[in-house]
Number of protein chains: 2
Amino acid sequence: MDKNPIEATEFYDFLTGKAYTALSRRLQKNLREAGIEITSEQWSILYALWEEEGLTQQELAQRTFRDKTAITRLIDNLVRRTLVIRVTDDSDRRTNLIYLTKSGRHLKEKCMHQANKTLAEALHNVDAAHTQTAKETLRQVYINLK
Amino acid sequence: MDKNPIEATEFYDFLTGKAYTALSRRLQKNLREAGIEITSEQWSILYALWEEEGLTQQELAQRTFRDKTAITRLIDNLVRRTLVIRVTDDSDRRTNLIYLTKSGRHLKEKCMHQANKTLAEALHNVDAAHTQTAKETLRQVYINLK
DNA sequence: TTTATATAGTTGTATATGCAACCATCAAAA
DNA sequence: TTTTGATGGTTGCATATACAACTATATAAA
């Protein structure tokens, strides 16, 4: 567990989450400036639903790596903003299937534009090869820890 | 702002913070299993103080990239756990200087061991060169967005 | 059929966070 | 010296989160 102390020693910033905090805050700022009043966390739920509608809350929890209780309340808030609806699954009345409303679906283009803008701002002065490596590394970290 | 859509397109997971969430959760789990009942956020404050005591709350806010109100309440919780104390600066009575208590100082070794363990688990199967690149990339992201 | 077990989701509680508004203190200008 | 503006910190509020305990439903075992 102390195999690579040299590399790890300078990597505590990763543990403090500074880069992710900065990224998340910038996304929210960009969304707000585009007139979209959702949080970055709500964005991540919508992003999953833009990829595939009708997911259960469990599936959303897995895809966004959150506790299912966090999903309950995120969906609560998205329902209140009339961006998604809960539909009880007839074949298993325990589960809710989450669908986008027309407004929720309509938001996709504008939101993804802001998401792309945010990533471009974040990765300014980072060459493509390094971006690719960082992407793979974060992916491996997730696989290691999930 | 849409200069590198290809690289960005597969990088939305970075925006959702999955890797950081996984990392933060694992750190807290490792600390708990070592009998240390602090959150990963509290760890990041203590980490800054282990590097340098007597920081102001503003300085802590900058170093951990958090809103100063978040620092107020993190310090509240750390004071309640008797890990740090607030000392009013005599030369400027607006500012609090934050010092570790004996318990807070004592925690360093055990906590840093768990932090190193967490990073090692996270970076398992990631070679040193990639770790280095990821580190630099996250650093650049932070610089771009801060 | 009844019982036991597993799964999907919700609620209570404690913690964390950003933003806006606020108070206290300091420093510079008038 | 008084006023003005800047800075450090706190509080109110809404949101997000994990964990534990709970309800409701479904499935498997007896």
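Below, chain A is the first sequence line, B the second, and so on; all start at residue 1. Basis for what follows: all heavy atoms, side chains included, without hydrogens, waters or symmetry-related copies.
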Reckon B/Gln42 touches a base, only the sugar-phosphate, or nothing at all at heavy-atom distances under 4.0 Å?
sugar-phosphate
Please list, pair by pair, any protein nitrogen or oxygen found under 3.5 Å from a nitrogen or oxygen in nucleotides 4-9 of chain C.
residue, atom, partner, partner atom, Å
C/dT7, O2, A/Arg94, NH1, 2.9
C/dG9, OP1, A/Gln57, N, 3.3
C/dG9, OP1, A/Asn96, N, 2.8
C/dG9, OP1, A/Asn96, O, 3.1
C/dG9, OP2, A/Gln57, N, 3.4
C/dG9, OP2, A/Gln58, N, 2.8
C/dG9, O3', A/Asn96, ND2, 3.2
C/dG9, N7, A/Lys68, NZ, 2.7
C/dG9, O6, A/Lys68, NZ, 3.1

Protein-nucleic acid N or O pairs under 3.5 Å, nucleotides 2-4 of chain D:
none

Using a heavy-atom cut-off of under 4.0 Å over every strand shown, decide if B/Leu74 touches base, sugar-phosphate, or nothing.
sugar-phosphate
Hydrophobic cluster identity match, A/Tyr12 and B/Ile71, side-chain contacts under 4.5 Å
yes
What contact category does A/Thr69 fall into here, base, sugar-phosphate, or nothing, at under 4.0 angstrom with non-hydrogen atoms?
base
Whole angstroms only, please: what is the CZ-C1' distance between B/Arg66 and D/dT10?
18 Å
Is A/Thr21 near enough to C/dT17 that one of its side-chain N or O atoms lies under 4.0 angstrom from OP1 or OP2?
no
What is the distance, rounded to the nearest whole Å, between atom CD of A/Glu37 and atom P of D/dA14?
15 Å
Is the phosphate of D/dA14 approached by A/Asn77 (side-chain N or O, under 4.0 Å from OP1 or OP2)?
no
Does a donor on one side chain sit under 3.5 Å from an acceptor on the other, for A/Gln132 and A/Glu136?
yes
Roughly how many Å is it from CG in A/Asp90 to P in D/dA24, rounded to a whole number?
19 Å
With a 4.0 Å cut-off on N to O distance, would you call A/Glu41 and A/Arg66 a salt bridge?
no
Please check if any side-chain donor atom of A/Ser44 sits under 3.5 Å from a side-chain acceptor atom of B/Thr16, or the reverse.
no
Calculate, to the nearest 0.5 Å, the distance between atoms CD and OG1 belonging to A/Gln58 and A/Thr95 respectively.
10.0 Å
Rounded interatomic separation in angstrom, taking CG from B/Asp76 and P from D/dT10:
7 Å
Give A/Arg73 one of three labels, base, sugar-phosphate or nothing, depending on what nucleic acid heavy atoms sit under 4.0 Å from its own.
base
Quick check for you: to the nearest 0.5 Å, what is the distance between A/Leu97 atom CG and A/Glu59 atom CD?
8.5 Å
Whole-Å distance between D/dA14 P and A/Glu41 CD?
17 Å
Starting at the 5' end of DNA chain D, which residue's closest nucleotide do you reach first, A/Ser91 or A/Phe65?
A/Phe65
For the pair made of CD in A/Gln28 and P in C/dA20, what is the distance, rounded to whole Å?
12 Å
Rounded distance in Å - CG (B/Leu55) to P (D/dG9):
11 Å
Inspect the surroundings of CD in B/Glu33 and state if more than 12 heavy atoms from other residues, nucleotides or ligands are less than 6.0 Å away.
yes
Whether B/Tyr47 and B/Trp43 hold their rings parallel, tilted or perpendicular, with breakpoints at 30° and 60°:
parallel
May I ask you to check whether over 12 heavy atoms, not counting those of A/Arg105, lie within 6.0 Å of atom CZ?
yes
Nucleotide D/dA16, atom P - distance to CG of A/Leu46 in whole Å:
11 Å
Please tell me which of A/Asp67 and A/Arg93 maps to the more 5' nucleotide of DNA chain D, matching each residue to the nucleotide holding its nearest heavy atom.
A/Asp67
Nearest 0.5 angstrom please: A/Tyr20 OH to B/Leu145 CG, how far?
12.5 Å
